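Presented below is the structure to which this report refers.
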Amino acid sequence: MTVTISDIMQTSPVIPVLVVHDAAEARPMAEALVRGLRVLEVTLRTPAALEAIAEMKKVEGAIVGAGTVVSAEQFRQAMNAGSEFIVSPGLTETIGRPIIDSGVPFLPGIANAGDIMRGLDLGLTHFKFFPAEASGGLKALKALAAPFYQAKFCPTGGITEATAPEWLAFDPVLCVGGSWIVGPTHAETETRAHAARGLRG
């Protein structure tokens, strides 16, 4: 059975957005997270990111993807590391076409109507609304979603544990991206992941 981006987005109400600086931390971090949230997005913002993806893939139950993918070369590297889905901060045909053609679940970033129309032209219906709060927040997403009834979203950027339930209550929002999940200890991370799993009412 082929796993789609829709399947992945509906697995957990919150996708932790992870910036990993030390690959040795990746596996214990993932073990703490998956007890509450199975879908993990490792951003390609650090030299350790690709190795971190490979380490997190070893954790049973983890669905590990690469975020902040901005080039075809990064896409290739992410796939070689074992990424199961790809997240990009924006959408161009140059980055979108090879990912779409590969069949890998893809969540591109959008911030306005033009971005969504470009995605629809490429055959996409699931998007990351980014940066969510800086782009006008939930009010802006509701205005954008109205003419694009077929689109589903994962708002990311500036969302907190306190504001996530309001976003998740909006029907076109399947999940949110969150950077608050990782705590100062693995025990705290596990606690936050459990709490986040219950955020959808």
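The analysis underlying the following values was restricted to heavy atoms, covering all of them including side chains, and did not include hydrogens, waters or symmetry mates. Computed from a predicted structure; not experimentally measured.
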Applying side-chain hydrogen bond (donor to acceptor under 3.5 Å, both in side chains), which residue pairs with at least one partner in [range] are found, sequence neighbours left out?
range: residues 86-102; answer: none
range: residues 28-40; answer: R35-E190
range: residues 139-157; answer: none

Same apolar cluster: [X] and [Y], side chain cutoff 4.5 Å:
X: V17; Y: V64; result: no
X: M9; Y: F85; result: yes
X: L168; Y: W180; result: yes

Quiz item: Would you say E166 has more than 12 foreign heavy atoms packed within less than 6.0 Å of its CD?
Solution: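 Not buried by this count: 12 neighbours or fewer within 6.0 Å.
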What pairs of donor and acceptor atoms, side-chain ones from residues 104-121 against any protein atom, are under 3.5 angstrom apart with sequence neighbours left out?
unit_1: N112; atom_1: OD1; unit_2: G114; atom_2: N; d: 3.1
unit_1: N112; atom_1: OD1; unit_2: D115; atom_2: N; d: 2.8
unit_1: D115; atom_1: OD1; unit_2: R118; atom_2: NH1; d: 3.2
unit_1: D115; atom_1: OD2; unit_2: A111; atom_2: N; d: 2.8
unit_1: R118; atom_1: NH1; unit_2: L91; atom_2: O; d: 3.0

Quiz item: Hey, does the side chain of T4 reach the backbone of D7 with a donor-acceptor pair shorter than 3.5 angstrom?
Solution: yes
Practice problem: Please name all residues satisfying salt bridge (charged side-chain N to carboxylate O under 4.0 Å, His left out) with E73, sequence neighbours left out, ordered by chain then number. | Solution: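 So E73 forms a salt bridge (charged side-chain N to carboxylate O under 4.0 Å, His left out) with R76.
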Practice problem: Quick one: list whatever passes salt bridge (charged side-chain N to carboxylate O under 4.0 Å, His left out) with E41, sequence neighbours left out. | Solution: none
Quiz prompt | Pairing of K57 and E84 as salt bridge, 4.0 angstrom limit | solution = yes
